[in-house]
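Worksheet: one structure, shown below.
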Amino acid sequence: MQNKIITKIVKPTINQIAKYIPGESSIDGKENVIKLSSNESPFKVPNKVSVISKKLISKFNLYPDGDSNILKKSLSETFKIDFSQIICGNGSDDILSLIAQAFSDESSEIICSQYGFIYYPIVAKISGARVLTAKTSGLNISCENILGLITKKTKIIFFANPNNPTGTVILRNELIKFISKVPKNIIIVIDGAYSEFVTNKSYSDGLDLVKKFPNIIVTRTFSKIYALAGLRLGWGYSSKSIIELLEKIRGPFNVNSIAQNIGALILKEKQFLMKSINHNKKWQKKLPQLINSLGLKAHGTHANFILVEVKEQNNKNKIISELLKKRIIIRDLYNYGLKNFLRVSIGTNSEMNVFIKALKLILKKL
Ligand SMILES: Cc1ncc(COP(=O)(O)O)c(C=O)c1O
């Protein structure tokens, strides 16, 4: 079919979508790079966890458990949450997409925050909904501005806490105040992809709020602290009636058998979790200090990445391209509307040292 016909027969909002561009993972087709562009874990899961995938390969002729029971059991034990209120997905982006499909259509409005995760407007537009963007206050998500955009047409509010790419958080009290002001017929999605990295005691990942607020859906991922980005595994937690609805529309076998089993096991690896949290905590403090000492402006973070501000776009492009020459990949945030900003994921100690050394050399020559 001709392009013109295709553009006419597709939902108009789908024509507005710019394809999601993930962080690059190789240079010249070769993977010997330092990848600091997608906020993945720099660590490999413990061997005793990954070896079970070999056993599972012998069962590849069979479908996985469509209900991901083994994984839900492990999630419910680990997070002390109700088994029947969990949905598992092929990454948390699967869950985000299901939410938009279930609760919105061409007559709906969906609210996202400025400088928010770029996949929310995509899932909204796939459903045909109109996207309203709430201005931030500086780099912080503004609950007030979100509330100000609510109309009778509002169906869903999406935000990440901590937010990607800014690394900011909404603390528990403010979160509760905000949720209390949102009408109960609007779904509030609290995306906790980076929840585990937050060390502030006044933070809530939202799981404890589901009982009181049946209209919130918390989404979580195994792609970040649990180091399983390549397996594609995420989950959501909400009131029973919402989960039952999402369960009806998900793909019948949306989580593969390796992801289900390895996900269930990695949750039990407390030492691995603590190692990752402590490593991240160290670099949350150290990396901004080192970057700032080189004359750039690094913002504080509650997640596993640092937002870096440069004076000029030219400088930013030069930094990115010179780092690429040294086989270091970081994230340009131009498509987030953050033209003078970069995002750097926290890597291993040696990756961080190589990155800082390279950045220092590049900045000297600018
Ligand atoms: C805020 C946020 N939500 C969701 C995701 C998607 O995670 P997943 O790998 O589980 O699909 C990401 C990935 O970068 C993210 O930053």
Side-chain angles (χ1 to χ4, degrees), residues 19-25 35-42 45 68 71 75 86-101 110 112-124 126 136 139-141 156-170 188-198 203 205-206 216-237 246 250-251 254-256 258-260 262-263 266-267 280 301-307 329-333 335-336 338 341 343-347:
K19 189 175 178 287
Y20 181 88
I21 306 165
E24 288 159 90
S25 51
K35 189 183 177 205
L36 306 173
S37 55
S38 296
N39 308 333
E40 296 135 316
S41 169
V45 298
S68 302
L71 177 61
L75 284 165
I86 304 170
I87 180 164
C88 298
N90 182 38
S92 57
D93 52 15
D94 187 18
I95 312 281
L96 297 170
S97 168
L98 290 174
I99 296 168
Q101 285 175 59
I110 291 183
C112 305
S113 173
Q114 186 183 18
Y115 312 140
F117 184 43
I118 228 157
Y119 193 53
Y120 308 142
I122 294 181
V123 296
I126 294 169
T136 53
L139 291 172
N140 295 301
I141 291 176
I156 308 171
I157 297 168
F158 279 111
F159 63 93
N161 197 28
N163 186 45
N164 171 25
T166 56
T168 56
V169 284
I170 300 170
I188 304 169
V189 179
I190 305 173
D191 179 341
Y194 303 95
S195 283
E196 293 86 354
F197 297 109
V198 184
Y203 167 82
D205 61 8
I216 67 175
I217 307 176
V218 175
T219 59
R220 299 290 283 265
T221 185
F222 282 81
S223 302
K224 309 299 175 185
I225 203 135
Y226 292 111
L228 297 178
L231 278 190
R232 309 307 302 126
L233 186 58
W235 55 284
Y237 190 68
L246 297 177
R250 67 167 169 78
N254 63 337
V255 183
N256 72 72
I258 297 197
Q260 287 185 32
I262 297 219
I266 194 69
L267 290 172
N280 198 69
T301 186
H302 293 273
N304 66 338
F305 52 82
I306 308 288
L307 185 73
I329 311 173
I330 60 168
R331 188 66 161 254
D332 188 344
L333 294 175
N335 58 338
Y336 278 81
L338 290 161
F341 288 81
R343 194 190 65 200
V344 184
S345 310
I346 291 175

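One-based numbering, in listed order, for ligands and for the atoms of each. Numbering of residues begins at 1 and proceeds along the displayed sequence. Quick caveat, the model's predicted, so the values are computed rather than measured.
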Closest protein heavy atom (residue, atom, distance) for [atom]:
atom	value
atom 11 (O) of ligand 1	R232 NH2, 2.7 Å
atom 14 (O) of ligand 1	K224 NZ, 2.8 Å
atom 9 (O) of ligand 1	S223 OG, 2.6 Å
atom 3 (N) of ligand 1	D191 OD2, 2.5 Å

Notebook entry, point to check: Hey, does N39 sit under 4.0 Å from ligand 1 if you only count heavy atoms?
Noted result: no
Next item on the list: Consider ligand 1: state whether an atom of it lies below 4.0 angstrom from any non-hydrogen atom of G234.
Entry: no
Next item on the list: In sequence, state the C-alpha distance, the side-chain angles, and the governing distance for N90 and R250, and then conclude on side chain to side chain donor-acceptor pair (under 3.5 Å).
Entry: CA-CA 10 Å; N90 182 38; R250 67 167 169 78; over 6 Å; no
Check: For Y115 and L139, what are the C-alpha separation, side-chain angles and deciding distance, and is it a side-chain contact (heavy atoms from CB on, under 4.5 Å)?
Finding: CA-CA 8 Å; Y115 312 140; L139 291 172; 4.3 Å; yes
Using distance alone, decide if ligand 1 has a nitrogen or oxygen within less than 3.5 Å of any nitrogen or oxygen in [X].
X	answer
N164	yes
S38	no
D93	yes

For ligand 1, which atoms, with element, lie under 4.0 Å from some heavy atom of [X]?
X	answer
G91	10 (O), 11 (O)
T221	7 (O), 8 (P), 9 (O), 10 (O)
Y194	1 (C), 14 (O), 15 (C), 16 (O)
A160	1 (C)

For the side chain of [X] and the backbone of [Y], is there at least one donor-acceptor N/O pair under 3.5 Å apart?
X	Y	result
S38	E40	no
Q114	T136	yes
S37	I330	no

Checklist line | Residues in side chain to side chain contact (heavy atoms under 4.5 Å, CB included) contact with A160, at least two apart in sequence or another chain | finding: Y120, N163, D191
Check: Taking the inter-plane angle between the rings of Y226 and F222 on a 0 to 90° scale, is it parallel (under 30°), tilted (30 to 60°) or perpendicular (over 60°)?
Finding: tilted
Note to self: Enumerate the salt bridge (Lys or Arg N to Asp or Glu O under 4.0 Å) contacts for residues 89-99, please, sequence neighbours excluded, ordered by first and then second residue.
What the structure shows: D93-R232
Next item on the list: Mind checking whether F222 contacts ligand 1 via backbone (N, CA, C, O), side chain (CB onward), both or neither, at a 4.0 Å heavy-atom cut-off?
Entry: neither
Note to self: Applying a heavy-atom cut-off of 4.0 Å, say which part of S92 lies close to ligand 1: side chain, backbone, both or neither.
What the structure shows: both
Next item on the list: Going by heavy-atom distance to atom 15 (C) of ligand 1, choose the closest among F158, Y120, F117, F305.
Entry: F117
Check: When you check the side-chain N and O atoms of Y194 and N39, is any donor under 3.5 Å from an acceptor?
Finding: yes
Check: Cut-off 3.5 Å, side chains only: do Y203 and S195 have a donor facing an acceptor?
Finding: yes
